[in-house]
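In what follows, a single structure is set out as structure tokens and then discussed.
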Amino acid sequence: MQIVDSLLGLRAQIRTWRAQQMSIAFVPTMGNLHQGHLSLVQRAQTIADKVVVSIFVNPLQFDDKADLQAYPRTLQQDIQQLSETDCDLLFTPPAELIYPKGMAAQTKVVVPGVDDKLCGKMRPGHFDGVATVVTKLFNLVQADMALFGEKDYQQLLLIRQLVEDLNVPIDIVAVPTCREQDGLAMSSRNHYLTEAEREIAPQLYQSLLNVAEQLRSGNTDWPAVQSAAVQQLASRGFKPEYLEICRAADLETAHPGTDTALRILLAARLGKARLIDNIACDLA
Ligand code: PAF
């Protein structure tokens with residue numbers, strides 16, 4: 001695996017692959033890789049000739065400075081895992097390459113309609129930071145396709161929308177959430193959990209499954225289903241931020257009798273960790 005941290009190095013390799021008619025898949029990450037990231041790399045290998053992974057902890061998408069500072073940085077371990085997964089090129093740009101004039105002077109990409117809901121509402125500016133860095137990384141890497149996990153479902157829809165709205169010539173490929181054996185969605189933030197918190201964390205997934213089950217069995221009082229689930233999580237020690245039943249296509253509030261392709265999403269704090277998860281629920 002090649003490791004490059006300069007635009008020159010990146011472009012030289014991309015040019016060579018392009019001259020050889022090779023297709024390129026891109027997996028952007030913030031490092032601290034786990035099986036969820038590696039499943040994106042593995043999927044990428046099945047759909048393209050070459051796989052590029054980036055590791056960049058993007059300061060622009062952190063609404064909380066302490067969260068940015070505490071974010072786990074495990075480059076050596078990440079390199080080891082990527083070499084074992086046969087990644088072709090790891091791009092580790094320094095902040096000066098991504099934000100040469102600093103973050104305040106950076107042109108931003110703003111995708112409308114995300115700031116007022118779900119994680120956008122809870123983390124002001126977060127999705128502008130994601131949209132901006134992803135657009136920059138797409139332009140730097142110039143891959144044919146990019147892969148994103150469904151665990152960050154709102155992020156996935158945001159990226160699909162920015163690609164469509166800005167006519168970015170790249171295909172977005174969604175990869176299902178990787179879960180631990182007890183159902184907990186894999187996340188770099190799981191490291192923040194104490195042993196006791198780790199034991200109760202899978203209840204988030206259980207609660208999504210319970211909500212889906214109630215919807216499938218015909219309960220049409222969705223607001224009541226939502227608030228019962230939120231109360232149950234709170235009684236077990238979580239600090240729920242939201243649990244919502246949305247239309248899968250655009251994350252607008254879903255309504256019984258009208259909407260059938262649903263996504264149930266939640267975010268909750270548990271100790272120092274802010275955890276998110278979501279599942280599909282098809283009522284058709
Ligand atoms: O999902 C992530 O890890 C980040 O939001 C991303 C897409 C790499 C942008 O920094």
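Atoms within each ligand, like the ligands themselves, are counted from 1 in listed order. For reference, positions follow the sequence shown, starting with 1. Values below: every heavy atom of this structure, side chains too, minus hydrogens, waters and symmetry copies.
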- Message: Please work out, at 4.0 Å between heavy atoms, whether the side chain, the backbone, both, or neither of Leu137 comes within that distance of ligand 1.
- Response: neither
- Fellow cluster residues of Val110, listed by chain then number, with links counted only when side-chain atoms sit under 4.5 Å apart: none
- Message: I need the full list of ring pair (Phe, Tyr, Trp, His ring centres under 6.0 Å) pairs touching residues 34-71, with sequence neighbours left out, sorted by first then second residue.
- Response: His34-His37, Phe62-Tyr71
- Salt-bridge test for Lys117 and Glu244: reply yes if a basic N is under 4.0 Å from a carboxylate O, no otherwise. no
- Task: Please identify which atoms of ligand 1 are closer than 4.0 Å to at least one heavy atom of Gln61.
- Result: 4 (C), 5 (O), 9 (C), 10 (O)
- Query: So, do Leu140 and Pro93 sit near enough that their side-chain heavy atoms are less than 4.5 Å apart?
  - Reply: no
- Message: Give me the residue, atom name and distance of the protein heavy atom closest to atom 5 (O) of ligand 1.
- Response: Gln155 OE1, 2.7 Å
- Any atoms of ligand 1 less than 4.0 Å from a non-hydrogen atom of Val133? List them with their elements. 9 (C), 10 (O)
